[in-house]
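Read the structure below first, then the notes.
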Amino acid sequence: MFVPFRRRADRVKPMDLTSWAIFPLLLASIGVYGLYKLLQKLRSGAYLQAAVVVITGATSGLGKECAKVFYAAGSHLVLCGRDEERLKDLVQELNNMRLKSTQLHKPHMVIFDLSDVEAVNTAAKEILHLAGRVDILINNAGISYRGTILDTKVSVDRMVMDTNYFGPVALTKALLPSMIKNRRGHVVVISSVQGKISIPFRSAYSASKHATQAFFDCLRAEMSPYDIDVTVVNPGYIKTNLSLNAVTGDGSGYGVMDKNTADGRTPEEVAQTVLRAVGERRKELLVAGLVPTLAVYLRTLAPTLFFSIMSARAKKERKLKDS
């Protein structure tokens, strides 16, 4: 029986047709994702523009860089810190910025000590008096610590907790009623990788950050009925003066720039990350390198191995100090 010759095109297998169909589907998916990211960016810009943003610890480091990026985004800033002169310098620096594409607003200043709870309550009233409302609160101010548990006075533990934990908690509680009344608000806290894991000779600092993580995780759940967002940012090492300004076990200054700190991310880079996280209303963000990130997961998945690594690190650091 004669069988007509089939051209090559007639013999295309179903698998070949499926393979060709994948390309348009892939291109369409990329297009949809690109559109989603564009809409997300536009929404983020609209959310930040004209929002009243309160930043603590605004005179240096990450706080200062956050002030710059939120100001450039068109936010109304309320800058908080202990040093009036440095706050004035920052306001002048911001006023000198020239951004044609964004409407800029003159920043306000509020001077107070975050570790003084009474001063915090007074400052909260002043913030609301100046700005009328608070849309975004960035709890950034903090102090670091270096020392052994045995040699650290309890008064130093309290001092670190007052600044890193009780201060942000007091300010957040003081401003929450206004946010709830307006059915609008976003509480941001700059915590640390050490709010997730603990490393030797950082006991007071790590304890304060663990407490911070726990409090703001609870706050996120409790504020959900009021449409108030909570974002916890957990950075690794940032190239700031945090270690230089750290306290030791007797309360004196540490005064040393640690190598890990010196090699850390720049505050400008982290500030941009914070800006995006707030604009996207992220619930939590880990801003760290590969090793700290793996350590966070290792603490949960293989705690015995993690504890052994930390013990080895403690022995190594102790030898270096004794040598």
Are any of the side-chain heavy atoms of [X] and [Y] separated by less than 4.5 Å?
X      : Y      : result
Val110 : Leu79  : no
Leu275 : Leu48  : yes
Asn241 : Ser60  : no
Leu285 : Val274 : no
His210 : Ser198 : yes
Val52  : Val78  : yes
Asp157 : Thr152 : yes
Glu126 : Leu130 : yes

Using every non-hydrogen atom in the two residues, find where [X] and [Y] come nearest and quote the distance to one decimal.
X      : Y      : answer
Leu62  : Ala271 : CD1-N, 3.6 Å
Ala67  : Leu77  : O-CD1, 3.3 Å
Thr293 : Gly289 : OG1-O, 2.7 Å
Met97  : Ala72  : CE-CB, 4.2 Å
Met161 : Ala211 : CE-CB, 4.1 Å
Asn121 : Ala174 : OD1-CB, 4.0 Å

Discussion item. Show me the pairs that pass side chain to side chain donor-acceptor pair (under 3.5 Å) and involve residues 164-173, at least two apart or across chains.
Written reply: Asn139-Thr172, Asn164-Ser208

Discussion item. With side chain to side chain donor-acceptor pair (under 3.5 Å) as the rule and sequence neighbours excluded, what pairs involving residues 177-186 come up?
Written reply: Tyr47-His186, Asp135-Arg184, His186-Thr231

Discussion item. Could you check whether Arg86 pairs with Glu93 (Lys NZ or Arg NE/NH1/NH2 to Asp/Glu carboxylate O, under 4.0 Å)?
Written reply: no

Does [Y] offer a backbone N or O that forms a donor-acceptor pair with the side chain of [X] under 3.5 Å?
X      : Y      : value
Ser191 : Gly195 : no
His76  : Pro107 : no
Ser75  : Tyr71  : no
Thr273 : Glu269 : yes

Discussion item. Let's go through Lys196 and Asn234 carefully: what are the C-alpha distance in whole Å and the side-chain angles of both, what is the deciding distance for side chain to side chain contact (heavy atoms under 4.5 Å, CB included) to 0.1 Å, and is it a yes or a no?
Written reply: CA-CA 8 Å; Lys196 295 286 192 180; Asn234 295 299; 3.6 Å; yes

Neighbour count above 12 (heavy atom, 6.0 Å) for [X] [atom1]:
X      : atom1 : result
Lys319 : NZ    : no
Ile149 : CD1   : no
Phe307 : CZ    : yes

Measuring from [X]:[atom1] to [Y]:[atom2], what's the distance to the nearest 0.5 Å?
X      : Y      : atom1 : atom2 : result
Ile127 : Thr56  : CD1   : OG1   : 9.0 Å
Asp229 : Ser224 : CG    : OG    : 10.0 Å
Leu175 : Leu137 : CG    : CG    : 6.0 Å
Thr148 : Phe201 : OG1   : CZ    : 7.0 Å
Thr163 : Arg158 : OG1   : CZ    : 14.0 Å
Asp89  : Glu84  : CG    : CD    : 11.0 Å

Worksheet, complete the sentence: Quick note, salt bridge (Lys or Arg N to Asp or Glu O under 4.0 Å) partners involving residues 107-121, not counting sequence neighbours, are none

Worksheet entry | Pairwise salt bridge (Lys or Arg N to Asp or Glu O under 4.0 Å) hits with a residue in residues 208-224, at least two apart | Asp217-Arg220

Response to the item:
Sorted by chain and number, sequence neighbours left out, side-chain contact (heavy atoms from CB on, under 4.5 Å) with Ser243 holds for Arg146, Met257, Asp258, Thr261

Item to complete: Taking side-chain contact (heavy atoms from CB on, under 4.5 Å) as the test, write out the residues that go with Pro200, two or more places apart.
Response: Met310, Arg313, Ala314

Discussion item. Could you go through Ile309 and Leu305, starting from their C-alpha distance and side-chain angles, then the distance that decides it, and tell me whether this counts as side chain to side chain contact (heavy atoms under 4.5 Å, CB included)?
Written reply: CA-CA 6 Å; Ile309 292 171; Leu305 176 58; 4.1 Å; yes

Do [X] and [Y] sit in the same hydrophobic cluster, where Ile, Leu, Val, Met, Phe, Trp and Tyr count as joined when their side-chain heavy atoms come under 4.5 Å apart?
X      : Y      : answer
Ile136 : Leu128 : no
Val278 : Val232 : no
Leu87  : Val134 : no
Ile228 : Leu171 : yes
Val233 : Leu286 : no

Discussion item. Quick one, Phe166 with Val120, criterion side chain to side chain contact (heavy atoms under 4.5 Å, CB included). Give me CA distance, side-chain angles, the key distance, then yes/no.
Written reply: CA-CA 10 Å; Phe166 287 111; Val120 169; over 6 Å; no

Worksheet item: Do we see a donor-acceptor contact under 3.5 Å between the side chains of Gln213 and Glu284?
Response: yes

Qualifying residues under salt bridge (charged side-chain N to carboxylate O under 4.0 Å, His left out), relative to [X], sequence neighbours excluded:
X      : answer
Asp162 : none
Arg282 : Glu280
Asp263 : Lys259
Glu268 : none

Worksheet entry | For Val247, the rest of its hydrophobic cluster, which grows through side-chain links under 4.5 angstrom | Ile143, Tyr145, Val156, Met159, Val160, Tyr205, Leu242

Worksheet item: When clusters are formed from ILVMFWY side-chain contacts under 4.5 Å, directly or step by step, what else is grouped with Leu294?
Response: Leu290

Item to complete: May I have the step-by-step check of side chain to side chain contact (heavy atoms under 4.5 Å, CB included) for Leu176 and Leu219, ending in yes or no?
Response: CA-CA 10 Å; Leu176 271 178; Leu219 181 69; 3.6 Å; yes

